[in-house]
There are 2 protein chains.
Amino acid sequence: MSIRDLARHLDISIGTVSRALNGKSDVNPETRERVLVAAKKLGYVPNQSGRSLRQGTTNTIGFMIESTIESADSGGNFFMPVFEGVQSVFRRHHLDLVALLCGTDEDPATYLNRVVGRRFVDGLIISATTRNDPRISFLLERKIPFVALGRSATRGSYPWIDLDFEGVAATAVARLVHFGHRRIAIGVPASDINLGYVFQDGYKRALKMSGIHFDPELVLRAHSNEEGGYQVASGMLAQKQMPTAVILVNENMAIGLYRRFYEAGIHPGRDVAVVGFRESTQSRFLSPTLTCFRISLRDLGIKLAEALLSTMPAFMSNYPQGRIELVWPMELVPGESDRLWRGT
Amino acid sequence: MSIRDLARHLDISIGTVSRALNGKSDVNPETRERVLVAAKKLGYVPNQSGRSLRQGTTNTIGFMIESTIESADSGGNFFMPVFEGVQSVFRRHHLDLVALLCGTDEDPATYLNRVVGRRFVDGLIISATTRNDPRISFLLERKIPFVALGRSATRGSYPWIDLDFEGVAATAVARLVHFGHRRIAIGVPASDINLGYVFQDGYKRALKMSGIHFDPELVLRAHSNEEGGYQVASGMLAQKQMPTAVILVNENMAIGLYRRFYEAGIHPGRDVAVVGFRESTQSRFLSPTLTCFRISLRDLGIKLAEALLSTMPAFMSNYPQGRIELVWPMELVPGESDRLWRGT
DNA sequence: CTGAAAGCGCTAACAT
DNA sequence: ATGTTAGCGCTTTCAG
């Protein structure tokens with residue numbers, strides 16, 4: 001069922017059919033109606049390859065997610081609601097969102113090169129930006145519209161949105177210091193992902209503001225998952241003088257951390273103060289309740305979509321906000337896990 | 001940078017370039033080398049739309065996941081490792097996997113119609129099959145290669161793989177009966193998703209085998225997430241005579257269920273027996289440890305990919321296994337949550 | 001308002 | 001072993 005078949009069926013030219021379907025003005029309303037009805041009846045849908053080849057656009061946006069080993073089974077939690085938000089914006093512009101799944105055994109830059117070269121998508125959302133991210137320079141060079149979810153030290157002018165890791169660090173440290181803590185540990189990703197640096201910098205700055213000396217021993221590196229949290233707790237327990245508090249920078253870590261502490265008879269909120277990262281469906285069911293930070297992932301997705309569209313010539317008139325470089329605030333959700341000395 | 005540019009640059013015809021790049025035999029090894037080198041140097045990647053239009057294939061497989069409201073933030077956990085497995089197979093055939101994100105506000109069938117009509121993908125993996133799934137009849141009718149992750153009552157002959165819900169029900173019931181339970185509740189999805197029916201049927205059959213009368217009151221419907229588990233526990237607590245055991249059919253439910261029971265002073269493994277569904281990174285950190293079932297999602301993904309490829313003319317010679325209709329076994333992982341009367 | 005035709009990038013059939 | 005060319009399905013001039 002090609003446009004040719006449809007035209008033949010209606011006994012008009014394919015040009016007219018095309019114009020009718022694409023809402024061009026110079027077509028008889030009656031003809032248009034006939035075309036629309038026939039298209040629906042016969043289940044005609046234009047072949048995307050044909051359109052793309054002619055127009056040079058695919059009407060598809062790619063959201064590149066790496067299922068890294070460390071986040072293989074937890075990353076999905078985060079992205080689904082983000083997708084939902086992105087999609088709600090794209091829908092209005094007849095853009096489809098596809099998740100580009102870069103396997104763990106493929107280099108992200110190579111993968112991206114293939115996707116871009118094939119002209120598979122009109123624009124990209126990349127995530128898990130590293131400190132120095134070759135994808136960014138590549139996309140800038142190739143002039144492919146994109147937005148980064150996550151900052152990077154890579155030079156250049158491009159839109160990005162990132163979570164407020166330094167804000168989380170500042171708020172958490174200030175809060176813990178206020179509660180009397182001085183030995184505050186942090187659990188950060190072991191990888192080169194940029195958020196680890198941002199968070200750690202914020203942490204150091206916050207310590208300085210509170211007049212606390214930075215102790216490298218208190219920086220515990222682990223995978224950003226439950227297992228990693230378990231190890232962070234183990235690391236704390238192993239220190240000659242255990243830190244009295246810990247701040248995590250990944251939502252999944254709290255689960256494992258709680259577990260390890262329970263095994264050691266240490267109760268969060270009684271024996272140790274814990275500040276988690278993102279409030280999640282899982283963390284919400286921890287006991288005692290976890291002090292953490294709330295973020296609307298759907299709204300984040302919406303903003304990501306807008307940031308991307310505002311850089312795409314075909315859509316920028318709808319989103320005249322200029323290049324978006326945004327640190328997304330997170331809202332403290334006080335729980336019981338960081339209020340010590342109150343009994344259980 | 002089109003094939004034309006590349007040919008011009010090398011001062012040979014585009015036909016030869018194409019053949020060289022596609023590994024055809026009738027091309028001078030020396031010429032091929034020149035072409036490959038130049039392509040790499042200039043960063044040439046064939047335009048997928050051009051290829052697709054010509055060949056009628058896109059070399060892309062779509063994995064359709066619905067971010068339904070109830071599984072919006074937890075579903076990702078399940079799929080990521082599956083993707084990983086699928087991809088490991090596709091890689092060998094130069095097929096790319098993309099996740100097709102059907103938004104919550106779009107009808108899955110409509111979405112599928114669009115994707116298929118546009119010829120966006122060569123094949124499809126669909127998930128979350130419903131009891132009666134219009135997508136299946138649609139794909140059969142259009143002769144689009146696909147495999148369903150999940151069974152359906154929809155008639156027709158198509159490959160599918162599904163988890164062994166009835167096996168889980170049988171094993172769990174038998175185990176609980178062995179431990180002396182008679183009032184065994186189940187927590188099942190409130191939606192029309194097929195697994196709910198399969199599981200419930202298996203449950204009834206297992207009860208009958210143990211000579212236990214089926215009590216509709218013991219079937220608790222809830223969303224397949226943490227909140228749903230919380231509600232299942234609430235439902236149990238509300239019964240005049242609380243069931244002594246419960247079997248869940250979703251991995252996320254256990255988290256909320258545990259929480260609700262703790263709030264009520266009820267300890268899983270002491271006051272009530274709990275059998276969870278899939279062992280997950282989260283459930284592994286529950287305390288007391290959850291009796292649940294293990295499955296290798298990566299292997300599941302591999303099998304899904306093979307099931308799909310075995311129905312695609314271009315690949316079936318590599319996968320001569322015929323149509324796959326497979327109930328995927330799950331392995332019991334005994335925990336402490338269903339062994340009562342042992343004290344804590 | 002509609003039809004005719006060019007051409008997007010590519011591959012495959014055919015010619016040399 | 002290489003060059004030439006038709007045509008995949010579509011949109012968009014350009015004529016009329």
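Below, chain A is the first sequence line, B the second, and so on; all start at residue 1.
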Next item on the list: Would you give the length of the straight line joining atom CG of A:Leu163 to atom CG of A:Leu149, rounded to the nearest 0.5 angstrom?
Entry: 6.5 Å
Check: CG of B:Asp11 versus P of D:dT2: gap in Å, rounded?
Finding: 13 Å
Next item on the list: Would you check if the distance from the ring center of A:His9 to the ring center of A:Tyr44 is below 6.0 Å?
Entry: no
Margin query: side chain to side chain contact (heavy atoms under 4.5 Å, CB included), that's the test. Do A:Leu36 and A:Leu21 meet it? Break it down for me.
Written below: CA-CA 7 Å; A:Leu36 258 35; A:Leu21 290 172; 3.8 Å; yes
Check: Among pairs that include at least one residue of residues 107-136 of chain B, which meet salt bridge (charged side-chain N to carboxylate O under 4.0 Å, His left out), considering only residues two or more places apart or in two chains?
Finding: A:Asp96-B:Arg114, A:Asp96-B:Arg118, B:Glu66-B:Arg135, B:Glu106-B:Arg114, B:Asp133-B:Arg135
Check: Which residues, if any, of residues 30-51 of chain B bring a heavy atom under 4.0 Å of DNA chain D?
Finding: B:Thr31
Notebook entry, point to check: Which comes earlier along DNA chain D counting from the 5' end, the contact point of B:Val27 or that of B:Leu53, where each point is its nearest nucleotide?
Noted result: B:Val27
Note to self: Is it the case that over 12 heavy atoms from other parts of the model lie below 6.0 angstrom from the CG atom of B:Asp105?
What the structure shows: yes
Note to self: If I take atom CZ in residue A:Arg4 and atom C1' in nucleotide D:dC8, what distance separates them, rounded to the nearest angstrom?
What the structure shows: 10 Å
Next item on the list: Measure the distance from CG on A:Leu21 to P on D:dG9 and round it to the nearest whole Å.
Entry: 16 Å
Margin query: With rounding to the nearest 0.5 angstrom, report the OG to CG distance, A:Ser49 to B:Asn47.
Written below: 9.0 Å
Next item on the list: Before giving the answer on side chain to side chain contact (heavy atoms under 4.5 Å, CB included), spell out for B:Leu139 and B:Tyr158 the whole-Å C-alpha distance, their side-chain angles and the decisive distance to 0.1 Å.
Entry: CA-CA 10 Å; B:Leu139 291 170; B:Tyr158 53 88; over 6 Å; no
Checklist line | Nearest-nucleotide 5' precedence on DNA chain C, A:Pro29 against B:Met1 | finding: A:Pro29
Notebook entry, point to check: Using the C1' atoms of the five pairs at each end, what is the angle between the end axes of the helix from C:dC1-D:dG16 to C:dT16-D:dA1, to 10°?
Noted result: 50°
Next item on the list: For A:Ile12, report the nucleic acid contact type (base, sugar-phosphate, nothing); a contact means any heavy atom under 4.0 Å.
Entry: sugar-phosphate
Notebook entry, point to check: Nearest heavy-atom pair of B:Val121 and B:Gly62: which atoms, and what distance?
Noted result: CG1-N, 3.6 Å
Item checked: Atom of B:Pro81, atom of B:Leu297 and distance for their closest heavy-atom approach -> CB-CB, 3.7 Å
Margin query: Going 5' to 3' along DNA chain C, between which two nucleotides do contacts with chain B fall, using a heavy-atom cut-off of 4.0 Å?
Written below: C:dG9 to C:dA13
Notebook entry, point to check: Angle class for the B:Phe120/A:Phe120 ring planes (parallel below 30°, perpendicular above 60°, tilted otherwise)?
Noted result: tilted
Checklist line | Atom pair distance, as rounded to whole Å: CG in B:Asn28 and C1' in D:dG3 | finding: 15 Å
Note to self: Quick check on DNA chain D: between B:Ile14 and A:Ser2, whose nearest nucleotide comes earlier from the 5' end?
What the structure shows: B:Ile14
Check: Closest heavy-atom contact between B:Met64 and B:Ser127?
Finding: O-OG, 3.0 Å
Margin query: I'd like to know whether A:His93 forms a side chain to side chain contact (heavy atoms under 4.5 Å, CB included) with A:Ile61, so could you lay out the CA-CA distance, the side-chain angles of the two residues, the decisive distance to 0.1 Å, and finally the verdict.
Written below: CA-CA 11 Å; A:His93 303 287; A:Ile61 305 292; over 6 Å; no
Which pairs, protein N/O on one side and nucleotides 13-16 of chain D N/O on the other, fall under 3.5 Å?
residue: D:dT13; atom: O4; partner: A:Arg19; partner atom: NH1; Å: 3.4

Next item on the list: Report which part of the nucleic acid B:Ser18 touches: base, sugar-phosphate, or nothing (heavy-atom distance under 4.0 Å, all strands).
Entry: base
Enumerate, atom names and distances included, each donor-acceptor pair closer than 3.5 Å involving a side-chain atom of residues 301-316 of chain A, sequence neighbours excluded.
residue: A:Ser310; atom: OG; partner: A:Glu306; partner atom: O; Å: 3.4
residue: A:Ser310; atom: OG; partner: A:Ala307; partner atom: O; Å: 2.9
residue: A:Thr311; atom: OG1; partner: A:Leu308; partner atom: O; Å: 2.7

